[in-house]
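Let me begin by handing over the structure; questions about it come next.
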Amino acid sequence: MQNSEYNFSKIEPKWQAYWSENNTFQAINFDKRPKFYILDMFPYPSGAGLHIGHPEGYTASDAYKRFKKAQGYNVLHPMGWDAFGLPTEQYAIKTGKHPKITTTENVSRFKEQLKQIGLCYDWEREVNTTDPQYFKWTQWIFTQLFKKGLAYVEEKPVWFCPELGTVLANEEVLNTPEGPRSERGNFPVERRPIRQWVLKITDYADRLLDGLKAVDWPDSTKRLQANWIGRSEGAKVCFDVDSSDDTIDVFTTRPDTLYGATYLVLAPEHPLVHTLTTPELKDAVSAYIEKTKTKSDLERAELNKDKTGLHIGAFAINPINKKKIPIWISDYVLVSYGTGAIMAVPAHDERDFEFAQKFNIDIIQVIDDCGTAKKDAGGNLTQAFTASGPLKNSDSLNGMDSESAKKAVIENLEKANKGLVEVNYKLRDWLFSRQRYWGEPFPIIWVNESDYAQVNAQFKPKGTTIKSKIGDELLYAICLPDESLPLELPEIESYKPSADGQSPLSHASKWLEVHFNRETGETTSQASNFTVRGLRETNTMPQWAGSCWYYLRYIDPQNSTALIDKELEAYWKTPDLYIGGAEHAVLHLLYARFWHQVLYDIGVVTEAEPFKKLFHQGIILGEDGEKMSKSRGNVVNPETIIEAYGADTLRLYLMFLGPLEAMKPWNTKGIEGVARFLRKLWRLVIIDNDYTLNPKIDLTNSVKLDSETDRLVHQSIDKVSHDYENLGFNTAISQLMILLNQLSKLESLPKEVVEQFLVLIAPLAPHIAEELFFRLGNEQSISEREWPKVDAQKLESETVKIIFQVNGKYRGDTMLPKEHTKETAIESAKKHERVIAQLDGKAIVKAIYVPNKIVNLVVR
RNA sequence: GCCUAGGUGGUGGAAUGGUAGACACUCGGGACUUAAAAUCCCGUGCCGGCAACGGCGUGCGGGUUCAAGUCCCGCCCUAGGUACCA
């Protein structure tokens with residue numbers, strides 16, 4: 001009876017200390033080996049500590065890193081903290097504790113937990129978005145955007161809760177039968193326009209779309225981003241307003257249906273609504289607009305199945321046939337898309353059809369459905385016909401197909417100066433400010449008009465000015481010089497926003513009021529002949545800002561004179577693999593790409609796209625199959641698992657649960673399987689805990705493996721290598737289980753084979769691999785050992801298994817030599833007992849032979 | 001509504017159009033043990049049969065094919081995302 005003990009709690013801390021002391025996984029700048037940059041989405045260090053979802057993706061990237069290192073790459077695999085964020089601020093409001101302190105505590109807890117799992121990062125490259133030496137460069141990037149004219153200020157509607165006196169995030173607003181309410185306190189909330197910084201991401205829409213072609217991302221993610229950008233080609237059509245000088249521009253993707261436009265709809269927020277409404281309808285229209293304010297875009301879209309709207313009394317003239325059509329307002333038209341107004345063609349648009357039916361507006365079919373549309377007994381459409389086809393009811397265009405008609409209509413309108421080709425995007429500009437404390441302050445000063453004129457142009461945006469009414473004054477924005485960065489957050493007494501929704505920074509009067517040197521840009525608390533009076537911007541940046549470019553800072557984290565050194569950038573370039581959740585498929589990845597493209601334009605980086613290859617890890621659900629959450633009480637804590645089973649077992653099990661990309665439930669019972677596997681591995685090498693090696697191991701490597709085992713070894717090297725490369729860890733582990741089961745059965749086996757096994761499993765279970773490798777007499781870390789090579793010859797076997805089928809059903813098999821003829825295979829099938837039984841009384845119609853695989857006899 | 005992903009034993013899952021259920025968990029039986037833990041062996045999709053074996057079986061209904069979990073068409077269900085985008 002073997003007496004061995006796999007004491008993970010003793011060996012795991014030992015090797016964690018070893019890796020740390022020896023800088024085993026340090027990335028070496030300018031090393032001759034090929035570089036490989038693996039990036040994880042960095043976490044928000046919450047007060048709750050790690051949950052089991054974090055280590056899933058992180059274990060995968062850690063394993064991949066160890067694999068790539070063994071393959072001879074100079075691997076960069078860093079970690080950092082996306083540490084600005086709402087929960088820390090809320091905690092500060094509640095307790096008065098400075099977010100900086102909370103953040104430091106949370107970060108050290110997270111770091112400790114990551115280390116416990118055996119995750120080895122190059123900690124010398126750690127970044128923290130709240131570190132002034134980091135956000136100095138976040139602010140610097142903003143000044144570049146500002147100077148390039150890619151930033152502007154605008155009043156934007158945001159959720160505001162008068163009761164709480166604060167702006168709310170979408171997720172803090174609940175939909176209730178009584179209307180939208182705040183999550184905290186259940187108070188009524190409304191959309192209120194507040195002064196915001198906005199970034200012109202739409203200027204980059206086409207490049208963001210084109211760039212997707214070149215990257216190795218999941219197709220579904222590319223599609224998601226492309227849909228989000230939503231490029232659509234169409235026309236802008238200008239409608240005159242009857243008995244008025246005003247005109248209304250609409251955007252349409254179907255100019256071919258212009259003859260079928262029977263009414264116009266303005267978004268309730270459209271600037272012309274008030275002007276065009278006839279006096280007797282003003283009250284009703286105002287009431288409708290008020291009601292719209294309480295609805296989010298999503299609500300206007302989804303929950304409001306029943307169309308609402310009002311005719312505002314005015315009429316427009318269809319430019320193509322001079323027909324007079326009524327102007328309506330309805331909340332199904334959004335002010336943020338296109339021109340905020342549409343021409344409604346109920347016969348050929350579902351929403352317009354629904355609306356026209358409800359309000360009894362004409363439905364004129366101008367595209368011939370050629371009998372394919374759904375109609376009632378009277379021959380009227382029962383739903384919109386949205387396909388293309390030949391035109392009708394369209395004067396000279398009758399008979400023309402949709403595509404040609406689109407061109408013809410636009411040409412016609414262009415001649416009359418009533419329209420033109422236009423491209424529209426669903427993508428909206430990026431609302432880039434928050435009325436909060438715990439974020440990067442904007443490096444912006446507001447000055448009055450006459451002072452602005454005296455300020456050196458280097459502090460102003462090129463080709464534009466940014467002005468806004470602040471307090472009662474119209475002020476102009478200038479940016480701080482690089483030397484004044486970072487602009488740090490002031491200490492304040494209360495983290496609560498002011499009652500009018502302004503940022504808590506608006507209380508910090510000492511910090512707020514400055515004197516700005518017109519030439520040098522230096523800010524002082526005392527005025528002088530060279531200074532102008534200014535007010536600092538009180539908004540802060542959103543959490544996205546810091547996470548938009550962190551992957552660049554890992555390359556050169558300490559640089560105080562540049563965001564990144566040019567030579568280092570040229571060496572490390574951009575991440576070769578980016579692993580992170582699909583929940584960031586659009587926003588984070590799109591914003592980061594936008595900033596990267598701007599940085600590319602100004603020469604900071606040399607590649608146009610930041611993330612060459614992307615992989616989404618799935619979510620781990622609770623044992624009940626529901627999303628893990630404190631309130632459900634189904635949260636699994638990694639620390640408990642490590643205490644009971646060890647980090648290697650946790651890592652292995654996380655990867656064994658299922659495909660990395662899948663959403664899968666945690667099952668604590670199942671962990672027994674991988675725990676047994678590791679104990680079995682331990683016993684293969686050690687027969688008691690006193691450093692006694694298993695005598696089955698031939699230390700001289702003179703024992704030869706039988707050919708079947710030898711083939712299995714090489715098949716395993718082959719499969720495991722492929723699976724690791726594709727992050728298919730679950731199948732790699734089952735292959736290793738098969739191999740270990742075989743090796744355990746042998747009477748004796750060469751040490752070399754055991755070591756190869758250890759190298760194969762080291763990426764996933766590094767502690768036990770190091771320990772056993774060490775006990776086999778090796779002095780170097782197993783991570784220095786080269787990845788085993790497959791001997792292709794050994795994969796081949798002399799015999800192959802031929803499957804026998806009758807009418808496609810398995811009825812037996814046999815082993816045949818590799819070099820056999822089709823006839824031999826078919827003959828041996830016909831001789832097989834079970835096949836004969838199936839052939840009884842039937843004739844063979846056909847015999848299919850797939851070389852080295854299958855014989856299928858078709859009988860009747 | 002729309003977009004995306006998915007639906008395979010009691011459970012997690014595996015399967016270049018070629019033996020469905022690898023590898024595990026669970027459960028049952030046995031060995032070792034005073035006993036337990038650990039370990040080892042056998043069985044474990046469903047129905048029938050002592051067994052050999054036969055039938056059925058990858059959400060549902062069709063289709064293509066010698067052969068379909070895999071490809072095509074229609075439907076149902078689940079999860080995630082969402083902006084009635086004109």
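Labels below follow one simple rule: chain letters A, B, ... track the order of the sequence lines, proteins then strands, and each chain is numbered from 1.
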Ile248(A) CD1 to rA86(B) C1', in whole Å, measures 15 Å
Self-check item: Gap in Å between the two C1' atoms, one belonging to rU8(B) and one to rA20(B), rounded
Solution: 8 Å
Please list, pair by pair, any protein nitrogen or oxygen found under 3.5 Å from a nitrogen or oxygen in nucleotides 25-27 of chain B.
| unit_1 | atom_1 | unit_2 | atom_2 | d |
| --- | --- | --- | --- | --- |
| rC25(B) | OP1 | Arg676(A) | NH1 | 2.3 |

TODO: Report yes if at least one side-chain N or O of Gln838(A) is closer than 4.0 Å to OP1 or OP2 of rG54(B); otherwise report no.
DONE: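 Checking Gln838(A) against rG54(B): at least one side-chain N or O falls below 4.0 Å of OP1 or OP2.
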Q | Atom C1', compared across rG57(B) and rC47(B): separation rounded to whole Å | A |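 That atom pair is separated by 11 Å.
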**OP:** Go through the side-chain N and O atoms of His832(A) and Thr814(A) and say whether any donor and acceptor fall under 3.5 Å apart.
**Re:**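 No, no side-chain donor-acceptor pair sits under 3.5 Å.
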- Task: Check the chi torsion on rG17(B) and let me know: syn if it falls within 90° of 0, anti if not.
- Result: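 For rG17(B), whose glycosidic angle is more than 90° from 0, the conformation is anti.
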I want to check one thing: is the phosphate of rA86(B), taken as OP1 and OP2, less than 4.0 Å away from some side-chain N or O of Tyr332(A)?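 Answer no for this pair, as no side-chain N or O of Tyr332(A) is under 4.0 Å from OP1 or OP2.
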request  = Tell whether Lys801(A) reaches the base of rU19(B) with its side chain through a donor-acceptor pair below 3.5 angstrom.
outcome  =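 Indeed there is one.
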**Request:** Determine the contact category for Val858(A): base if any of its heavy atoms lies under 4.0 Å from a base atom, sugar-phosphate if only primed atoms, P, OP1 or OP2 are that close, otherwise nothing.
**Result:**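 Sugar-phosphate, backbone atoms only, no base.
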*Identify whether any heavy atom of Phe656(A) sits under 4.0 Å from a base atom; if not, whether one sits that close to sugar-phosphate; answer base, sugar-phosphate or nothing.*
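Base: the residue Phe656(A), judged by heavy atoms under 4.0 Å, touches a nucleobase.
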With no hydrogens and no angle check, just 3.5 Å: does a side-chain donor-acceptor pair link Glu623(A) and Thr668(A)?
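A donor-acceptor contact under 3.5 Å links the two side chains.
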Open item on the list: Taking only side-chain N and O atoms of Arg811(A), does any of them lie within less than 4.0 angstrom of OP1 or OP2 on rG54(B)?
Closed with: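 Result: yes.
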- Message: Salt bridge check, Arg651(A) against Glu56(A): does any charged N sit closer than 4.0 Å to a carboxylate O?
- Response: no
Open item on the list: Would you say Thr339(A) and Asp249(A) are linked by a side-chain donor-acceptor pair, where the criterion is simply a distance under 3.5 Å?
Closed with: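 Asp249(A) vs Thr339(A): no donor-acceptor pair found between side chains.
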**Request:** Before accepting this row, confirm whether a basic side-chain N of the pair Lys818(A)/Glu796(A) lies closer than 4.0 Å to the acidic partner's carboxylate O.
**Result:**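 Judged by the 4.0 Å cut-off on N to carboxylate O distance, Lys818(A) and Glu796(A) do form a salt bridge.
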- For rG21(B) versus rA37(B), give the span between their P atoms, rounded off to a whole number of Å.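 Here rG21(B) and rA37(B) have their P atoms 32 Å from each other.
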Examine rA86(B): is either OP1 or OP2 under 4.0 Å from a nitrogen or oxygen in the side chain of Ser232(A)? Give yes or no.
-> yes
Nearest-angstrom distance, P atom, rA36(B) to rG29(B):
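Straight-line distance between the two P atoms is 13 Å.
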Exercise. Does a side-chain N or O from Arg683(A) land closer than 4.0 Å to OP1 or OP2 of rC40(B), or not?
Worked result: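 Affirmative; the distance criterion is met.
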Letter by letter from the 5' end, nucleotides 67-79 of chain B scores (B base, S sugar-phosphate only, - none; protein heavy atoms under 4.0 Å) S-----------S
Counting only Watson-Crick and G-U wobble pairs with both atom distances below 3.5 Å, the stems of 3 or more consecutive pairs that include RNA chain B are B:1-7 with B:76-82, B:10-12 with B:23-25, B:27-31 with B:39-43, B:45-48 with B:53-56, B:59-63 with B:71-75
*Within less than 4.0 Å of OP1 or OP2 of rC85(B), is there a side-chain N or O belonging to Arg231(A)?*
no
Are Asp352(A) and Tyr332(A) linked by a side-chain donor-acceptor pair shorter than 3.5 Å?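 On atom types as modelled, these side chains qualify, holding a pair under 3.5 Å.
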Worksheet item: When rounded to the nearest Å, what value does the distance between C1' atoms of rG74(B) and rC23(B) take?
Response: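 The answer is 36 Å between these two C1' atoms.
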Any chance the side chains of Thr292(A) and Asp331(A) put a donor and an acceptor closer than 3.5 Å?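 No pair is found: no donor N or O on one side chain lies under 3.5 Å from an acceptor on the other.
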